[in-house]
There are 2 protein chains.
Amino acid sequence: MSIQAPRRRRSTAPGDETRERILDAAEHLFAERGYSNVSTRDIAEAARSNAAAAHYHFGSKEAVLEAVFERRLAGMNAERERLLAACLAEADGRPSVEAILEAFIGPTLRLGATEEGRRFNLLAGRSSTDPNPEVRRIVFQVYDSVGRRFVDAAAAACPDLSREELFWRIACVYGAMMYIRADNGRLQHLFGPGFSLSDGEGALKFAMPFLTAGLAAPPVEGTE
Amino acid sequence: MSIQAPRRRRSTAPGDETRERILDAAEHLFAERGYSNVSTRDIAEAARSNAAAAHYHFGSKEAVLEAVFERRLAGMNAERERLLAACLAEADGRPSVEAILEAFIGPTLRLGATEEGRRFNLLAGRSSTDPNPEVRRIVFQVYDSVGRRFVDAAAAACPDLSREELFWRIACVYGAMMYIRADNGRLQHLFGPGFSLSDGEGALKFAMPFLTAGLAAPPVEGTE
DNA sequence: ACTTGCTTCAAGCAGATGCTTGAGTTTAAA
DNA sequence: TTTAAACTCAAGCATCTGCTTGAAGCAAGT
């Protein structure tokens, strides 16, 4: 018997502020420590609130994570889908690899320009390989639609690739993108200070061309 | 006051078998659920042993994970370092991009040929973005030496790249490799059954050329 | 036989976990 | 000013957590 979604009814319900503070605190902590290493008490404390408040507003810890994702992604995923659709329409069904990569990856890498954007990227990157079933469920759900459109657009941009080769190339693109967002600090450790995966500009300038080159390379099959 | 390293003294101590069973069970469970979502009791049960046995043999849960990594990596990392050194020596200081990628990534992707290798790859991939400080500490430590040699070899293979551009390209290589190993099932979800990141052969055939093309592409800086 | 040291185990400790409860406070509409 | 809903909170429940304890089992060395 949990409360599902009370949401606002008055113009500015007092609870909205608490709700937002809980989301902020949860996003911060989940990004920093990972879903499984954060308790609802940690969130309550960071939000200067009570452990029961999160359950009142969201129903469960899992639902808090879901709300964190939805708050940041609802708008951005819609934009990405729009950009991808535009690529396909404009280019008469054969978009350029650059254009679709820019449409899919650009918006997320540009999040790195703000502090809270970097924090969400960290959360998203780390969640992408989180084995916790609750996290997986949310990640699958929240990226499903835009993911499908990206695969379709990539297939249209690379008509010479077999389905299998497309699968592997997209895996590389996804992997690079997620690793950059997750920024675990290991590469800084190897390269020394002055290099950071959280630098959105660097990612756009240097990682995008790498991925474009890889995705646009001639197919392996049939070239030998 | 924990026992550090009792190890064998008799030719075949009875405890060695328990020790191995604990490592097997821990590897299995850590890979499947992630370090934070596995308790020492879970491990003991899966190893048909007692919760205290793991602490007796290893000292802590963290040390169990460390032992799991070391068991699989001691040999393989030495081989990778040897292969990388050979690349540099043979080619007179200017190895090919293919050769160093094969030396660094090949051995890990070929692990995908066996069931237990796939399991370890899953663990390694997932651990690479695990925010838990204990996991991070171990991952950093266990890949530090081979990671440095790979960076050096890549720098030698790509002398035209600035340090910054090399940083970003290696990030993409790392990311792709880790994502493939971590195999969270999301791409299968998008592509349908019949495609799996755990297929080591596919990875070698299709992902390697992608990464080679990206790493060997002309530099961004100074080309415009 | 018997000491010795390695190994296993059931039981337990102190603290943390997700979530619930029931009593209270605040708010805006009636 | 009353009323009812929205909201907050301290306390508590049942369970799980990593780790420890002390007693027992075991195989070799004497």
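Side chains included, hydrogens not; waters and symmetry mates left out as well; all remaining heavy atoms used.
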**Prompt:** Has A:His57 got a side-chain N or O lying under 4.0 Å from the OP1 or OP2 atom of D:dA6?
**Reply:** no
**Item:** Ring-ring centroid check B:Phe120 B:Phe69, cutoff 6.0 Å
**Value:** yes
**Message:** I need the CZ-C1' distance between A:Phe58 and C:dT20, as an integer number of Å.
**Reply:** 18 Å
**Message:** Could you tell me how far apart B:Tyr56 (OH) and D:dG18 (C1') are, to the nearest whole angstrom?
**Reply:** 19 Å
**Request:** Looking only at side-chain atoms of A:Ala52, point me to the closest of C:dA10, C:dG18, D:dA10.
**Result:** D:dA10
**Asked** Residues in salt bridge (charged side-chain N to carboxylate O under 4.0 Å, His left out) with B:Glu45, at least two apart?
**Response** none
**Request:** Could you state the atom-to-atom distance from CD of A:Glu134 to P of C:dT17 in whole Å?
**Result:** 15 Å
**Message:** Using whole Å, what does the distance between atom C1' of nucleotide D:dT17 and atom CG of B:Asn37 come to?
**Reply:** 13 Å
**Message:** I need the CD-C1' distance between A:Glu20 and D:dT8, as an integer number of Å.
**Reply:** 17 Å
**Prompt:** Rounded to whole angstrom units, what separation is found between the CD1 atom of A:Ile43 and the C1' atom of C:dA16?
**Reply:** 15 Å
**Fill in**
Separation of C:dT26 atom C1' from A:Glu17 atom CD, nearest Å, is 13 Å
**Asked** Taking the nucleotide of DNA chain C with the closest heavy atom to each, which residue, A:Ser39 or B:Ser49, is nearer the 5' end?
**Response** B:Ser49
**Asked** Whole Å only: how far is the CD atom of A:Glu45 from the P atom of D:dA10?
**Response** 12 Å
**Prompt:** Where the side chain of B:Thr40 is concerned, which of D:dG18, D:dT20, C:dC6 is the nearest nucleotide?
**Reply:** D:dG18
**Request:** Check every atom of C:dT17, C:dT20, D:dC19 against the side chain of B:Lys61 and return the nucleotide holding the closest atom.
**Result:** D:dC19
**Request:** On DNA chain D, check which nucleotide each of A:Arg21 and B:Tyr35 is closest to and give me the residue with the more 5' one.
**Result:** A:Arg21
**Asked** Does a distance-only test, which skips hydrogens and angles, find a donor-acceptor pair under 3.5 Å between the side chain of A:Arg41 and the base of C:dG15?
**Response** no
**Request:** Mark yes or no for whether A:Arg136, through its side chain, and B:Asn184, through its backbone, hold a donor-acceptor pair below 3.5 Å.
**Result:** yes
**Prompt:** Which part of the nucleic acid does B:Val64 contact within heavy-atom distance under 4.0 Å: base, sugar-phosphate only, or nothing?
**Reply:** nothing
**Prompt:** Is NZ or CZ of A:Lys61 both nearer than 6.0 Å to the six-membered ring centre of A:Phe30 and within 45° of the ring axis?
**Reply:** no
**Request:** Return the nearest nucleotide to the side chain of A:His55; candidates are D:dC9, C:dT20, D:dT20.
**Result:** C:dT20
**Request:** For the pair B:Phe210 and A:Phe210, name the ring-plane relationship: parallel under 30°, tilted 30 to 60°, perpendicular over 60°.
**Result:** tilted
**Fill in**
Side-chain contact check for B:Asn50: nearest option of D:dA6, D:dC9, C:dC9 is C:dC9
